[in-house]
Amino acid sequence: MKLNIAVLPGDGIGPEITAQALNVTKVIAEKFGHELTYKHAIVGACAIDEVGNPYPDATHELCIQSDAVLFGAIGHPRFDNDPKAKVRPEQGLLAMRKKLGLYANLRPLTIFKSLIDKSPLKTELVDGADFMCIRELTGGLYFGKPQGRSEDGNTAYDTCIYTREEVERILKMAFEFAGKRRKKLTVVDKANVLATSRLWREIAQELAPSYPDIELEYMFVDNAAMQIIQWPKRFDVLVTENLFGDILTDEASVISGSMGLLPSASIGLHTSVFEPIHGSYPQAAGKNIANPVATILSAAMMFEYAFNLMSEGALIREAVEQSIVQGIMTVDLSGTGKSYSTTEVGEWIIDYIKKK
Ligand code: IPM
Ligand code: MN
């Protein structure tokens with residue numbers, strides 16, 4: 001099969017972790033006889049520096065022409081500490097999501113058995129936790145207009161907007177995902193306060209009869225935040241709006257032991273994007289210490305979701321799992337044991353795949 005991918009490393013640790021994920025992709029393509037072609041493009045703070053735009057047209061063109069996008073991370077502290085900056089790296093990520101119509105962000109939480117003792121939660125709570133959070137990605141507060149400041153600068157506003165069409169398509173996807181898993185769907189909202197949440201709930205109630213085998217529940221987001229750490233095993237598929245999904249998945253990611261483990265797939269109208277859920281971790285940039293696993297697992301999701309190549313994805317997962325079992329881990333996970341560099345972890349995983 002022909003695999004034509006765009007690689008967008010971005011900022012901070014982005015280039016180091018995507019390099020490992022790309023190497024893994026190359027060796028998988030070789031092993032399974034796929035013809036891989038790829039091109040790099042700039043996004044985020046580095047694109048602001050080079051061309052003044054965090055999501056340049058040339059990058060968008062490349063994404064549109066590719067079958068999948070492998071994405072690293074974006075962001076730079078010099079923008080975080082400057083609330084007055086006119087262009088921000090994050091705008092590049094948001095523009096990409098919007099222009100590619102990536103309305104669904106799939107963030108699966110799985111637990112590696114050999115890492116259970118790294119979880120901040122007790123073993124009995126974590127062992128067997130396995131859920132998928134489906135985050136709406138192109139609506140809500142992130143994109144609602146108006147957004148801005150009053151003329152005197154003393155009032156600021158964001159707008160949370162959802163249309164029926166936006167809510168329906170993400171809820172349908174969530175019902176279908178639940179159907180392929182343990183058949184339980186939790187709609188997370190704040191319907192006791194927000195009008196948008198009440199629209200979500202209304203549409204979920206309308207759709208429910210079409211999915212009679214799915215057990216549907218509604219949960220307020222504050223309660224969900226609590227239950228995710230109190231009893232994560234109760235969840236199968238969660239679906240929620242953009243901002244709630246952003247927050248809850250950071251919370252969920254640490255249950256596995258490190259944020260550096262959680263991959264994601266953003267899917268929608270055009271080319272899908274595969275990226276770790278963590279950020280650009282600027283303190284570690286260039287030090288060869290960042291955990292490449294979330295990005296490597298995002299490459300596994302790329303094989304599965306963009307190309308429907310399940311064995312390829314499964315072999316990447318197996319290699320990652322074995323690297324952890326063998327203790328080949330970066331410093332975020334190694335604890336008092338020996339820690340390995342980003343490249344060492346990547347190379348171990350590649351070696352494992354080659355030998356398989
Ligand atoms: C994420 C990130 C982004 C988001 C930022 C970098 C804009 O936190 O992908 O979760 O908030 O969506
Ligand atoms: Mn986030």
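By convention here, the first residue in the shown sequence is residue 1. Just so you know, these numbers use all the heavy atoms, side chains as well, and skip hydrogens, waters and symmetry mates. Remember, it's 1-based here, ligands and their atoms both numbered in the order they're listed.
With a 6.0 Å cutoff to the six-membered ring centre and a 45° limit on the axis angle, K172 does not count as a cation-pi contact of F175.
With 3.5 Å as the limit, one finds a donor-acceptor pair spanning the side chains of T186 and E217. Between the side chains of N105 and S266, at least one donor N or O sits under 3.5 Å from an acceptor N or O. With 3.5 Å as the limit, one finds no donor-acceptor pair spanning the side chains of Y352 and Q326.
Residues A29 and L3 come closest through the heavy atom pair CB-CD1, 4.4 Å.
Ring-plane geometry between H76 and F79 is classed as perpendicular, the angle between the planes exceeding 60 degrees on a 0 to 90 degree scale with a lower cut at 30. Using cut-offs of 30° and 60° on the angle between ring planes, the pair F274 and Y305 is tilted.
Among the atoms of D250, none of the N, O or S atoms falls under 2.8 Å from the Mn ion (ligand 2).
Looking at D246 and the Mn ion (ligand 2) together, the shortest N, O or S contact belongs to OD1.
If you look at ligand 1, the protein residues with a non-hydrogen atom under 4.0 Å away are E90, L93, R97, R107, R135, Y142, D246.
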